[in-house]
K.L.:
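Would you mind keeping the following structure in view while I ask a few things?
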Amino acid sequence: MNELLLSIQDLKIINRSEESHLLKKVHLEIKKGEIVGLIGESGSGKSLTAKAIMRLLSQDLKAKGQILFKNEDISKWTSRTHRKKLGNEIGYIFQDYRSSFTPYIKIGKQIVETICAHQKIRKKEAQDLAIQSLHIMGLDSKRVYQSYSFQLSGGQVQRAAIAMALALKPALLICDEITTALDVLNGEKVLHYLDQLRNETGCSVLMITHDLTKAYKWTDRMYVMQQGEIVEEGLPEEIRCHHKHPYTKKLCSCLLALPEDPSIKKERLVTI
Ligand SMILES: Nc1ncnc2c1ncn2[C@@H]1O[C@H](COP(=O)(O)OP(=O)(O)OP(=O)(O)O)[C@@H](O)[C@H]1O
């Protein structure tokens with residue numbers, strides 16, 4: 001678990017038109033096989049960090065600094081290499097999961113096309129892989145395969161989008177708020193599957209979330225972001241119990257209940 005997969009050093013993102021700094025100084029590292037959490041309030045720069053890793057920033061934004069993936073400077077990738085790496089090596093599950101699918105093409109067809117675009121695989125094998133991935137996500141795989149995205153609930157589309165990203169078994173999976181559209185049970189199932197996938201394939205995960213409880217439970221290490229800067233980094237237990245930054249303290253104090261905290265039940269009993 002020691003080999004470095006991704007290293008972000010001194011990342012700054014500038015809005016060209018306003019000359020404002022959206023990201024000020026971001027340092028972040030992900031080792032092979034690690035699940036790393038990126039937490040912070042809305043607008044703090046979590047998705048911009050993810051888009052910078054994917055080189056998917058809009059034209060009006062300019063990135064400075066260095067991002068190394070498997071020791072390669074991603075800014076030096078040609079467009080062809082970039083296209084090859086996306087999906088295959090770096091998977092992204094968007095916060096806006098509905099945009100993962102074109103509404104007028106069936107889900108199954110889109111997953112198969114994505115698999116075939118990235119892997120040398122026969123269509124039949126890609127179809128089987130698509131069905132299998134949908135099934136693993138707890139979906140009625142055959143029905144979802146034959147459906148258009150507008151025929152499914154938000155949570156079902158979200159899980160189909162996750163299935164599509166996971167089918168490619170990328171080395172790094174960036175998950176941007178992937179459980180927000182899911183109910184508690186399905187959210188837990190998805191995170192459990194991610195953990196299982198990491199154990200089986202050794203892939204790494206960058207888990208962007210507002211949900212501190214989920215980050216505590218499922219990540220190996222966490223970064224806390226505020227107003228375009230990483231203000232704290234540590235193991236989940238360190239962030240939870242020995243945080244140093246006032247912003248982390250504020251975040252943690254908003255938590256009503258954390259699992260495995262024996263004092264919580266007691267307090268609740270007293271209140272009741
Ligand atoms: N294309 C853009 N042009 C100008 N500003 C942008 C652009 N994209 C994002 N921003 C701004 O950059 C800041 C960080 O946005 P980002 O989407 O990274 O936040 P976030 O931490 O992911 O928030 P949330 O949790 O709400 O998704 C915000 O103030 C946002 O308005």
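Basis for what follows: all heavy atoms, side chains included, without hydrogens, waters or symmetry-related copies. Each ligand, and each atom within it, is numbered from 1 in the order the structure gives.
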K.L.:
Using the test salt bridge (charged side-chain N to carboxylate O under 4.0 Å, His left out), find all partners of E200 that sit at least two apart in sequence or belong to another chain.
P.N.:
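So E200 forms no salt bridge (charged side-chain N to carboxylate O under 4.0 Å, His left out) with any residue.
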
K.L.:
Look at R221 together with E233 and state whether they make a salt bridge at an N to O cut-off of under 4.0 Å.
P.N.:
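A salt bridge links R221 with E233.
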
K.L.:
As a test of reading the model: which residues have a non-hydrogen atom less than 4.0 Å away from ligand 1?
P.N.:
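The answer is N15, L22, E41, S42, G43, S44, G45, K46, S47, L48, S58, D60, L61, Q95, H210, counting any residue whose heavy atom sits under 4.0 Å from ligand 1.
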
K.L.:
For the residue pair D211 / T209, report whether a side-chain donor-acceptor contact shorter than 3.5 Å exists.
P.N.:
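No - no donor-acceptor pair under 3.5 Å links their side chains.
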
K.L.:
To the nearest 0.5 Å, how far apart are OG1 in T114 and CD in Q110?
P.N.:
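T114 atom OG1 to Q110 atom CD measures 7.0 Å (nearest 0.5 Å).
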
K.L.:
Go through the structure and list residues passing side-chain hydrogen bond (donor to acceptor under 3.5 Å, both in side chains) with Q226, not counting sequence neighbours.
P.N.:
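Applying side-chain hydrogen bond (donor to acceptor under 3.5 Å, both in side chains) to Q226 gives none.
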
K.L.:
Please tabulate, for side-chain N and O atoms in residues 165-193, each donor-acceptor pair with protein atoms closer than 3.5 Å (sequence neighbours left out).
P.N.:
{"from": "D176", "atom 1": "OD2", "to": "S47", "atom 2": "OG", "distance (Å)": "2.8"}
{"from": "D176", "atom 1": "OD2", "to": "Y92", "atom 2": "OH", "distance (Å)": "3.3"}
{"from": "E177", "atom 1": "OE1", "to": "H210", "atom 2": "N", "distance (Å)": "3.4"}
{"from": "E177", "atom 1": "OE2", "to": "H210", "atom 2": "N", "distance (Å)": "3.0"}
{"from": "E177", "atom 1": "OE2", "to": "H210", "atom 2": "ND1", "distance (Å)": "2.8"}
{"from": "T180", "atom 1": "OG1", "to": "E177", "atom 2": "O", "distance (Å)": "2.9"}
{"from": "D183", "atom 1": "OD1", "to": "L185", "atom 2": "N", "distance (Å)": "3.1"}
{"from": "D183", "atom 1": "OD1", "to": "N186", "atom 2": "N", "distance (Å)": "3.1"}
{"from": "D183", "atom 1": "OD2", "to": "N186", "atom 2": "ND2", "distance (Å)": "2.8"}
{"from": "N186", "atom 1": "OD1", "to": "R159", "atom 2": "NH1", "distance (Å)": "3.3"}
{"from": "E188", "atom 1": "OE1", "to": "K217", "atom 2": "NZ", "distance (Å)": "2.5"}
{"from": "E188", "atom 1": "OE2", "to": "W218", "atom 2": "NE1", "distance (Å)": "3.4"}

